[in-house]
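Indexing begins at 1, ligand by ligand and atom by atom, following the structure's order. Treat the numbers as computed from the prediction; the structure is a model and nothing was measured.
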Amino acid sequence: MSFDYDLFVIGGGSGGVRAARVAAGETGAKVALAEEDRYGGTCVIRGCVPKKLMVYASEFPETIAAGRAYGWDMQDADFDWSVFRTRLHAELDRLEGIYRNLLNGSGVTMYDQRAHVADPHTVELADGTRITARHILLATGGRPVLPQVDGIEHAITSNEMFLLDELPKSILIVGGGYIACEFAGIMNGLGVKTTQILRSDQILRGFDNETRGFVADAMRGRGVDLRTNVNVVRIEKTDTGLSVTDTNGDTHLVDQVMYATGRRPNSDNLGLDALGVELGDRGQVIVDDYSQTAVPSIFAVGDITDRANLTPVAIREGMAFVETVFKSNPTKPDHDLIPTAIFTQPEMGTVGLSEEDAAARGPIDVYTTSFKPMRQAFAGEQEKVFMKLVVCQTTQRVLGCHIVAHAAGEMIQLAGIAIKMGATKADFDKTVAVHPTMSEELVTLRNPTRRS
Ligand code: NDP
């Protein structure tokens, strides 16, 4: 049977674009891709990239303050949101152009419209065109979900944060995950009066307890009004903004309410149910270790599968799919020991097991340190950094590394290599310190803080 294409990819985000261009560029496969919105997906258009640029924008007040301590005659400065926003969107346009060029250069045919799956080898575009393909790859990502709350229509999500006409003077952020915590730091840094409320007793559920507690304290120290064990009852519009009533009976009068209460895979209206593609309870496409769905010609990568919802993971899954299907080299994407950074302020970098998870598996030694880094100490700042190694008592392997510090994301990338290779505590100790740095503390942790 002949097909129009060897591969049809639905979704032009990190996973889909990578799979499409590697399949076309490296294996000579005939590939098409449909994207209904902008190329680059969540990461480039409404996620990692604009978020990180906003983090950079929000860090200047502390740089200015530190500059004064270092002898610079620096005055407090005003932030012009419209200038930043214009430049931000010009940058996103540039990056989207690069994504399009990469696809073009690899010979991928692009359809700028929505597509759904009509049968195991046919995709139907929004304009009714039907296209056949030997393989179909679902890479449509995910989207924010909003709970049912009275007045929820007045709230925005992270998607809209990059499109605001004006910077609010005050904001209430709901949620305690990556997105809520990152935006709380950004808004606070930009001078917006920031309140963050979450329904549980600590931010960043699932991460190492001590480490997330350290981040929460530091966020409070920087001015975020972080409140736990509380949720929103209703949101009402007022003449001047929004009035939010919470479960403690407190009222918050704010300009904006942003919800970051989780994301859901974009698996709706793709025609999947009818075909027998299995979906999980959160709408995620169920795939095997090779990203293959219950329908053999249909694969899925990235957030639509809700495995580890991170750009580099989606890219890995896309690459593994191409290896498996187009290079006759069955390859499972590796989801073990994924290093990750949460761009809170201060930043958190983490890889491997939390102390709690490691302790549940066997006896461990825990090494911690907390200190004022040189740069901050000189500037008279109070905030400390925190570092932690979780070590298996039996094998002496480092099972987890957790860092809260400026540039913790950069540090954890490198610590992640050692830990992925199976480094022991002795390997860390054998490594000569780079002096004077913060990360040298990771190789000079002499005695366990505790054993359990
Ligand atoms: P998360 O799943 O991380 O957090 C959701 C938060 O919302 C939790 O605090 C949860 O509380 C709370 N919540 C859920 N439902 C409700 C509700 N009905 N009412 C009130 N609160 C609720 O989601 P995010 O949206 O923050 O992030 C989604 C994913 O995006 C992350 O898991 C991550 O994979 C990815 N991401 C990665 C980033 C990075 O790498 N730096 C940055 C941003 C996102 P509870 O804990 O009680 O369930």
Is there a donor-acceptor contact under 3.5 Å linking the side chains of His402 and Thr350? yes

With sequence neighbours excluded, residues passing side chain to side chain contact (heavy atoms under 4.5 Å, CB included) with Thr261: Pro147, Val174, Tyr259

Row check, Tyr367 ring normal vs Lys425 NZ/CZ: under 6.0 Å, within 45°: yes

Nitrogen or oxygen contacts under 3.5 Å, ligand 1 side and protein side:
from	atom 1	to	atom 2	distance (Å)
ligand 1	7 (O)	Ala260	O	3.4
ligand 1	9 (O)	Gly176	N	2.8
ligand 1	9 (O)	Gly177	N	3.4
ligand 1	11 (O)	Arg199	NE	3.4
ligand 1	19 (N)	Asn231	ND2	3.3
ligand 1	25 (O)	Gly262	N	3.2
ligand 1	26 (O)	Tyr178	N	3.3
ligand 1	26 (O)	Ile179	N	2.9
ligand 1	34 (O)	Asn309	O	3.0
ligand 1	41 (N)	Glu182	OE2	3.0
ligand 1	41 (N)	Ala341	O	2.8
ligand 1	46 (O)	Arg205	NE	2.7
ligand 1	47 (O)	Arg199	NE	3.0
ligand 1	48 (O)	Arg199	NH2	2.9
ligand 1	48 (O)	Arg205	NE	3.4
ligand 1	48 (O)	Arg205	NH2	2.7

Under 3.5 Å, is there a donor-acceptor pair between the Glu160 and Thr157 side chains? yes

Any chance the side chains of Ser58 and Gln345 put a donor and an acceptor closer than 3.5 Å? yes

What's the shortest heavy-atom distance between Arg307 and Ala300, and which atoms? NH2-O, 3.3 Å

